[in-house]
There are 2 protein chains.
Amino acid sequence: MVQKSCTEAGGRPRGRPRSFDPDTALDRAVEVFWRLGFEAADTDALASAMGLTKPSVYAAFGNKEQLYLKALQRYGQRGRAEITALLEAAPSMRAGINAVFNHMAERVSGQHGGSGCLLTCVAAQSAHSMLPVREILEAGIAARDKAFTEFLRSGIARGELPAGFPVERRASLMNDLLSGLALRARAGASLEELREIGASATEAILAGA
Amino acid sequence: MVQKSCTEAGGRPRGRPRSFDPDTALDRAVEVFWRLGFEAADTDALASAMGLTKPSVYAAFGNKEQLYLKALQRYGQRGRAEITALLEAAPSMRAGINAVFNHMAERVSGQHGGSGCLLTCVAAQSAHSMLPVREILEAGIAARDKAFTEFLRSGIARGELPAGFPVERRASLMNDLLSGLALRARAGASLEELREIGASATEAILAGA
DNA sequence: GGAAATTTATACTCGATGGTACAAAAATCT
DNA sequence: AGATTTTTGTACCATCGAGTATAAATTTCC
């Protein structure tokens with residue numbers, strides 16, 4: 001044996017090298033699914049938007065469903081990372097929550113990709129027929145609940161929130177208000193309206209603080 | 001001329017009479033779209049669920065898209081009527097809001113039709129590619145905003161809420177929390193969890209009252 | 001340089017699906 | 001009763017879209 005000399009770092013994997021970066025291709029796929037949804041996004045359009053041919057897509061991602069799942073996961077991970085970063089950088093509770101709402105208002109307003117949220121407005125539909133989608137969605141919601149809960153808890157620790165502050169409830173409240181934000185955006189709400197929503201959402205989340 | 005003798009009440013409309021009730025057939029279509037979404041609901045499945053043949057569906061409703069639009073409208077109207085009834089019958093602000101959340105928790109939990117909300121979880125996706133869907137969704141959101149606003153206003157009039165209570169903001173808050181409720185249901189949340197959400201939502205909406 | 005391996009591109013297959021033609025059935029009008 | 005009108009059901013069509021066969025291209029290994 002001892003035939004492969006390059007499975008480790010450095011050396012290329014043997015045959016003709018890929019002419020594209022899978023992650024940036026996946027980002028393009030995200031945008032298409034975001035706009036059209038799973039079924040309406042046909043594989044020709046996906047491949048073309050990704051800048052490659054159908055066989056390349058199938059070789060790299062398996063099939064349409066797997067591509068969809070990977071797109072959802074990538075979108076979800078990126079969103080969570082952004083939120084975490086915003087919350088960690090926030091100088092106060094109010095600033096952090098406001099930053100998240102403003103950020104999501106932009107992301108959801110249709111400037112960057114489709115309008116609305118890929119998970120809230122698109123994955124939600126397929127959650128019923130594709131079990132893995134439901135799981136991704138469930139996990140995404142739980143992760144946000146957790147992130148917000150921890151953030152609010154840190155507010156108690158910092159003395160910015162009273163000891164008895166209902167962190168879990170307000171965290172889930174915040175999560176649900178973001179869903180509403182996404183839906184309104186998909187229905188055509190302007191960035192201004194979304195910012196307004198964010199402002200009163202912040203008030204409600206911090207009520208009693 | 002003067003050929004038609006029955007366009008008015010009473011007399012049947014001339015040819016072979018329909019063997020089905022369009023409204024109950026539409027209700028069946030609602031359930032199918034609710035579960036599967038627009039594209040995944042194929043016309044054979046729709047016709048069969050509606051208890052009739054494809055040509056009958058097309059004769060009665062036009063085509064798949066029109067059937068979908070009518071289903072969305074019917075679903076929306078029914079939902080609004082239910083909410084209005086609950087609010088009008090409520091003895092207090094808290095009771096009314098709680099009733100709406102409990103009602104929606106049930107409706108959305110998957111017992112009656114698909115899980116989640118047909119508008120929030122299904123129409124949202126097609127809102128991007130089918131303009132009329134976006135309009136129906138937008139109108140539905142606005143109608144709920146208005147209903148909740150009027151309800152809260154009546155609370156001020158009754159002296160149950162302080163004069164300066166931010167009715168519009170809380171109304172839109174309530175609306176968005178219902179979207180979140182629907183999404184969680186579609187993601188698999190149990191009826192218990194949904195009720196919990198409803199309880200803390202009620203608190204948040206009435207905060208400061 | 002040649003063999004092996006892997007990606008790319010063109011062109012194709014084949015099943016599913018939205019929609020319909022056509023004839024039989026069931027009603028009204030005269 | 002017969003003409004007319006509309007619905008019903010079967011069977012069909014045409015298109016679209018997911019996935020692939022195949023051969024050329026590009027790389028590493030020996």
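Naming convention: chains lettered A, B, ... in sequence-line order (proteins, then strands); numbering from 1 in each chain.
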Listed in order of residue number, which residues of residues 24-38 of chain A have a non-hydrogen atom at under 4.0 Å from DNA chain D? none
Rounded to the nearest Å, what distance is computed from the CG atom of residue A/D21 to the C1' atom of nucleotide C/dT7? 15 Å
Extract all donor-acceptor atom pairs below 3.5 Å that involve side chains of residues 135-146 of chain A and protein atoms in other chains or at least two apart in sequence.
from   : atom 1 : to     : atom 2 : distance (Å)
A/E138 : OE1    : A/R134 : NH2    : 2.9
A/R144 : NE     : A/N175 : OD1    : 3.0
A/R144 : NH2    : A/N175 : OD1    : 2.9
A/D145 : OD1    : A/N175 : ND2    : 3.0
A/D145 : OD1    : B/R184 : NH2    : 3.0
A/D145 : OD2    : B/R184 : NH2    : 2.2

Taking side chain to side chain contact (heavy atoms under 4.5 Å, CB included) as the definition, give me every residue that meets it alongside A/A85, ordered by chain and number, with sequence neighbours left out. none
Check the surroundings of atom CZ in A/R107: do more than 12 heavy atoms from other residues, nucleotides or ligands lie under 6.0 Å from it? yes
Side-chain donor-acceptor contacts of residues 122-129 of chain A below 3.5 Å, not counting sequence neighbours, with atom names and distances?
from   : atom 1 : to     : atom 2 : distance (Å)
A/S126 : OG     : A/Y68  : OH     : 2.7
A/S126 : OG     : A/A123 : O      : 3.3

Check the distance between C/dG19's P and B/F61's CZ and give it to me in whole angstrom. 15 Å
Using whole Å, what does the distance between atom C1' of nucleotide D/dT15 and atom CG of A/D44 come to? 14 Å
One character per nucleotide, please: for nucleotides 6-13 of chain D, 5' to 3', B when the base has a protein heavy atom closer than 4.0 Å, S when only the sugar-phosphate does, - otherwise. BBSBB---
So what is the end-to-end bend of the helix from C/dG1-D/dC30 to C/dT30-D/dA1, with 5 pairs used at each end and the value given to 10 degrees? 10°
Separation of D/dG17 atom C1' from A/E39 atom CD, nearest Å, is 13 Å
Separation of atom NZ in A/K64 from atom P in D/dG19, rounded to whole Å: 8 Å
Charged N-O contact under 4.0 Å between A/D23 and A/R74: yes
For the residue pair A/E203 and A/S200, confirm or rule out a side-chain donor-acceptor distance under 3.5 Å. no
Do A/S109 and A/E106 have side-chain N/O donor and acceptor atoms under 3.5 Å apart? no
Quick one: closest heavy-atom pair of B/M50 and B/A25, and the distance? CG-O, 3.5 Å
For A/A45, report the nucleic acid contact type (base, sugar-phosphate, nothing); a contact means any heavy atom under 4.0 Å. nothing
Under 4.0 Å between a side-chain N/O of A/T43 and OP1 or OP2 of D/dG17, yes or no? no
Which heavy-atom pair separates A/F20 from A/A60 by the least distance, and what is that distance? CZ-CB, 4.0 Å
Round to the nearest Å and state the distance from A/D42 atom CG to D/dG19 atom P. 12 Å
If you compare all heavy atoms of B/M93 against all heavy atoms of B/G155, which two are closest, and at what distance to 0.1 Å? CE-CA, 3.4 Å
B/K70 charged N/C atom sitting above B/F61 aromatic ring, 6.0 Å / 45°: no
